[in-house]
Structure formats: structure tokens, C-alpha cells
S.K.: 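Structure provided below as C-alpha cells; questions to follow.
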Amino acid sequence: MLTELEELRTKALAELSRIDNLSELEKWRVRYLGRKGALTSVLRGLGSLPIEDRRSAGATANDIKALLEAELQRKEQGLREKELVAVLEQTRIDVSLPGYPVPLGRLHPTTRTLREICDIFVSMGFQIVEGPEVEWDYYNFEALNIPKDHPARDMWATFWLDTESGDRSRLLRTHTSPMQIRLMETVRPPIRALMPGRVYRYEATDATHESMFYQVEGLAVDQGITMSDLKGTLFEFARRLFGEGRKARFRCDYFPFVEPGVEMAIDCFICQGAGCRLCGNTGWIEILGAGMVHPEVLRRVNYDPDIYTGFAFGMGVERIPMLRYGIDDIRLFYGNDLRFLKQF
Ligand code: YSA
């Protein structure tokens with residue numbers, strides 16, 4: 001029996017040393033240590049030995065069992081480590097390789113300009129206020145001193161909502177001026193506010209006109225505000241935005257909600273004032289309308305015009321990057337042509 005056990009031990013260890021994968025190892029375990037394995041059957045046969053041999057054979061068999069189990073564990077650990085190293089080798093990551101470039105988005109030229117305009121006015125003490133694009137006739141016209149059937153309504157070709165019912169009380173705002181009323185209804189002077197947003201006009205497009213564009217409305221109301229405050233503020237704005245070299249001018253204009261009213265223009269960047277297609281041969285590009293808030297408008301919001309005065313302005317945003325970057329057609333802004341947009 002002892003010789004048989006010795007041979008079994010030698011054979012099992014020799015086979016174990018040749019094994020190089022986990023599935024072979026499992027077969028080896030079943031062959032020697034499994035319930036029907038070689039060593040287990042030897043242990044079972046111990047009962048048939050004479051009592052004097054049984055003890056030493058039993059002890060030897062148990063030693064061999066313990067040895068084989070320990071060797072099995074050692075081998076399994078070694079093979080698992082080898083397997084892990086192989087997997088790591090196969091899926092190796094070269095951290096020194098350059099990564100895939102992440103395409104960076106950019107701000108739309110209108111957004112950039114809006115931010116610049118807001119920054120300049122915020123630094124002068126103005127606060128930003130926003131309001132609805134779907135507006136009531138009352139705010140867009142009526143409260144701005146433009147009653148129904150007033151010829152000045154023709155200045156703002158309007159997209160009316162609810163046209164099927166014939167109701168003409170809701171519209172897409174044609175300018176940001178309704179925000180003047182909304183703000184003055186909710187706060188008392190002093191006011192220094194800047195109100196940016198989209199506006200809509202029911203009109204044919206051309207190089208300088210879109211049916212949807214952005215405006216920025218400005219409003220300052222306080223005691224003792226004069227036309228020179230308006231001029232000083234807007235000329236300083238133009239100087240900061242366009243630089244010293246660009247010329248700016250004020251000319252009389254008419255808006256029912258101001259008295260007096262002006263338009264402000266900048267000299268044309270293409271012809272440098274000589275006259276061309278873009279500026280309609282005038283040499284100037286109009287960027288905003290402005291004026292002193294009409295006393296009727298102040299009364300409408302219960303401000304006493306004998307105590308308070310104010311100035312207001314409304315500028316077209318797209319015209320500004322047109323002037324600065326030499327863009328000769330406003331329709332490029334919302335045409336979604338990446339070749340145009342990527343330049344900014
Ligand atoms: C006037 C006096 C105030 O106290 C306050 C605001 C205003 C401006 C007035 N609400 C208004 O909308 N005037 S406007 O019709 O002449 O437009 C103002 C600016 O918007 C223009 O100077 C121009 O720069 C731009 N604009 C007008 N129509 C446009 C346009 N930009 C692009 N496409 C159009 N269709």
C-alpha cells in the first residue's frame with residue numbers, strides 16, 4: 001500500500017508540473033482529489049488493511065492528500081496570475097498616444113456681440129432685464145403712444161397671432177420697446193436698464209433687413225436726465241465698441257414714444273463714407289433709434305413728467321458685427337452656413 005501511495009504521489013506531482021491552463025488543472029483535481037479520484041479510492045480501501053498497517057498507511061495517505069491540495073492551490077494561483085498578465089498584455093493602453101481631438105464649439109457672432117454690448121452698458125451701471133417675445137398690442141403699440149390706426153404703425157410690419165379669429169391683440173413683438181412699459185409698470189425711478197431680445201418683422205429681407213433679428217433696448221429714467229446724457233452714453237458706447245477711428249452721428253428721427261427722437265448711424269465700413277450698395281449710397285449705416293421718453297408714455301405708467309425725464313434707445317444687434325467684421329449681407333447670420341459661422 002505504501003509503495004502504491006508513493007507512486008501515486010510521484011505521478012500526480014509530475015502531471016501537475018506539466019499543466020499550463022486552468023481547465024487541465026480542474027481535470028487533474030477530479031482525477032486525484034475528486035470523490036471518485038485515485039487518492040480518495042486509496043483512502044476508502046484503508047478499511048480492508050490489517051489493523052497494524054492501517055495506521056501508517058492512513059497517515060501517509062493523509063499527508064499526500066494535504067500535499068496535493070497545497071500544490072493544487074499553489075498551481076491555481078500561479079495560473080490565474082499568468083492569465084491576468086496575458087489579458088492585461090492584450091488590452092494594453094498606451095497612455096502616451098495623443099487623444100482624439102474634441103471639436104470645440106464657438107459662440108454665434110450675434111451672441112458674442114450681445115455679450116459685448118451688455119458688458120459695456122453694465123459697466124456704466126445698467127441692469128439687464130428680459131421679457132416676452134409674444135406680446136400684447138397694448139405693450140407693443142398702444143402704451144408707446146401708437147394708438148390703433150395710427151400711421152406710425154406702418155413703421156413696424158407686424159406678425160399678428162390669432163389671425164383666424166380676426167383678433168388683433170396678440171403679436172410677435174416688432175421691437176424691444178414694449179419692455180420699457182413692462183419695466184416702468186413694475187419699478188419706480190431711478191432706472192438704468194438694458195433689455196436685449198429677439199424681434200420679428202413681417203417684411204421682405206435684403207442685405208440689411210431680416211424678418212427675425214435682435215435688438216437691445218436701453219432705458220434711463222430719473223430726475224434731471226437730458227438729451228446730452230443720451231448723446232454722451234451712446235457716443236461713449238460707440239467709442240468703446242468700434243474704437244476711436246469710426247465716426248458716429250445723430251440725426252433727427254420720429255418715433256411716437258420719444259420727443260425729440262433721433263437715429264444714430266456709424267460711417268460705412270465698406271466705402272468709408274463714400275457711398276455703396278450696403279449703405280444705400282449714404283455713407284452711413286443706421287444702428288439705432290433713440291430719444292427722450294415722451295411725457296405721454298411716462299404718464300401712462302404713472303410717472304409724473306414734471307418730476308421725471310428719461311432717455312431710451314433701441315439698437316439692431318446684427319448691424320454691429322456687420323460693421324465690425326465687414327459682413328455685407330445680414331441673411332448670412334441665420335442661414336446656418338458653417339463656412340460663415342466658423343470664421344468667428
Ligand atoms: C427708438 C426710440 C426709443 O426711445 C427706443 C427705441 C427705438 C427704436 C425703435 N423701437 C425701433 O425699433 N426702431 S427701428 O425700427 O428703426 O429699429 C431699430 C434698429 O433695429 C435699426 O436702427 C436697425 O439697426 C435695426 N433694424 C430695423 N429693422 C431691421 C433691423 N435690423 C435687421 N433687420 C431689420 N429688418
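Worth knowing before you read on, the calculation uses all heavy atoms, side chains too, and leaves out hydrogens, waters and symmetry mates. Numbering of ligands and ligand atoms starts at 1, following listing order. Numbers here simply count residues along the sequence, with the first being 1.
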S.K.: Check for a donor-acceptor pair, side chain of Trp28 on one end and backbone N or O of Ala12 on the other, with a separation under 3.5 Å.
M.R.: yes
S.K.: Please check if atom OH in Tyr325 has more than 12 non-hydrogen atoms from other residues, nucleotides or ligands closer than 6.0 Å.
M.R.: yes
S.K.: Can you tell me the protein heavy atom closest to atom 33 (N) of ligand 1 and the distance?
M.R.: Glu210 N, 2.9 Å
S.K.: Given that the side chain starts at C-beta and the backbone is N, CA, C, O, which of these parts of Thr208 lies under 4.0 Å from ligand 1, counting heavy atoms, or is it both or neither?
M.R.: backbone
S.K.: May I ask you to list the atoms of ligand 1 that are less than 4.0 angstrom from any heavy atom of Ile330?
M.R.: 32 (C)
S.K.: Does Gln180 come within less than 4.0 Å of ligand 1, judged by its heavy atoms?
M.R.: yes
S.K.: Please list all pairs passing the salt bridge (Lys or Arg N to Asp or Glu O under 4.0 Å) test where one or both residues lie in residues 100-120, with sequence neighbours left out.
M.R.: Glu116-Arg324
S.K.: Using a 4.0 Å heavy-atom cut-off, say whether Leu288 meets ligand 1 through its side chain, its backbone, both or neither.
M.R.: backbone
S.K.: Test your reading of the structure: does Gln215 have an N or O sitting under 3.5 Å from an N or O of ligand 1?
M.R.: yes
S.K.: What is the closest protein heavy atom to atom 29 (C) of ligand 1, and at what distance does it sit?
M.R.: Phe213 CZ, 3.3 Å
S.K.: Using the six-membered ring wherever Trp is involved, compare the ring planes of Phe340 and Phe333 and label them parallel, tilted or perpendicular (cut-offs 30° and 60°).
M.R.: perpendicular
S.K.: Which label fits Tyr214 and Tyr334: parallel for a plane angle under 30°, tilted from 30 to 60°, or perpendicular past 60°?
M.R.: tilted
S.K.: Is it the case that the side chain of Glu217 and the backbone of Ser177 share a donor-acceptor pair, with hydrogens and angles ignored and the cut-off at 3.5 Å?
M.R.: yes
S.K.: Quick check on Arg201 - does any of its heavy atoms sit under 4.0 Å from an atom of ligand 1?
M.R.: yes
S.K.: Contact between ligand 1 and Arg319 is defined here as a heavy atom of the residue under 4.0 Å from a ligand atom; is it met?
M.R.: yes
S.K.: At a non-hydrogen distance cut-off of under 4.0 Å, which region of Glu286 contacts ligand 1 (side chain, backbone, both, or neither)?
M.R.: both
S.K.: Would you mind telling me if ligand 1 is within reach of the side chain of Glu217, the backbone, both or neither, using heavy atoms under 4.0 Å?
M.R.: side chain
S.K.: Going by side-chain hydrogen bond (donor to acceptor under 3.5 Å, both in side chains), name the residues that satisfy it together with Glu203, two or more places apart in sequence or in a different chain.
M.R.: none
S.K.: Could you tell me the residue and atom name of the protein heavy atom closest to atom 13 (N) of ligand 1, and the distance to it rounded to 0.1 Å?
M.R.: Phe255 CE2, 3.5 Å
S.K.: Just to be sure I read this right, does ligand 1 sit under 4.0 Å from the backbone of Glu203, its side chain, both, or neither, counting only heavy atoms?
M.R.: side chain
S.K.: If you have a sec, work out which protein heavy atom is nearest atom 4 (O) of ligand 1 and how many Å separate them, to one decimal?
M.R.: Val258 CG1, 3.0 Å
S.K.: Record the part of His209 in heavy-atom contact with ligand 1 below 4.0 Å; permitted values are side chain, backbone, both and neither.
M.R.: both
S.K.: Just to be sure I read this right, does ligand 1 sit under 4.0 Å from the backbone of Ala290, its side chain, both, or neither, counting only heavy atoms?
M.R.: backbone
S.K.: What protein heavy atom sits nearest atom 6 (C) of ligand 1, and how far off is it?
M.R.: Gly314 N, 3.2 Å
S.K.: If hydrogens are left out, which of Ala204, Gly218, Gly261, Gly289 has an atom nearest to atom 7 (C) of ligand 1, that is, the closest non-hydrogen atom?
M.R.: Gly289
S.K.: Does Thr40 use its side chain to pair, donor to acceptor, with the backbone of Lys36 at less than 3.5 Å?
M.R.: no
S.K.: Which of the listed options, Ile287, Leu219, Thr174, holds the heavy atom that is closest to atom 24 (O) of ligand 1?
M.R.: Ile287
S.K.: Any donor-acceptor pair under 3.5 Å linking the side chain of Thr158 with the backbone of Trp160?
M.R.: no
S.K.: Please determine whether any non-hydrogen atom of Trp156 lies less than 4.0 Å from an atom of ligand 1.
M.R.: yes
S.K.: Taking Arg246 for the side chain and Arg239 for the main chain, is one N or O donor matched with an acceptor at less than 3.5 Å?
M.R.: no
S.K.: Can you name the one residue among Arg153, Arg170, Arg168 that meets side chain to side chain donor-acceptor pair (under 3.5 Å) with Asp137?
M.R.: Arg153
S.K.: Using a 3.5 Å distance criterion without hydrogens, assess whether the side chain of Thr233 forms a donor-acceptor pair with backbone atoms of Asp229.
M.R.: yes
S.K.: Answer with side chain, backbone, both or neither: which part of Ser177 has a heavy atom less than 4.0 angstrom from an atom of ligand 1?
M.R.: side chain
S.K.: Could you check whether Glu210 and Thr205, counting side-chain N and O atoms only, form a donor-acceptor pair closer than 3.5 Å?
M.R.: no
S.K.: So does Gly314 get a backbone contact from the side chain of His175, meaning a donor-acceptor N/O pair under 3.5 Å?
M.R.: no
S.K.: Of Phe311, Tyr200, Phe333, Phe257, which has the heavy atom at the shortest distance from atom 3 (C) of ligand 1?
M.R.: Phe257
S.K.: Among protein heavy atoms, which sits nearest to atom 19 (C) of ligand 1, and what does the distance come to when rounded to 0.1 Å?
M.R.: Gly316 N, 3.6 Å
S.K.: Using a 4.0 Å heavy-atom cut-off, say whether Phe313 meets ligand 1 through its side chain, its backbone, both or neither.
M.R.: backbone
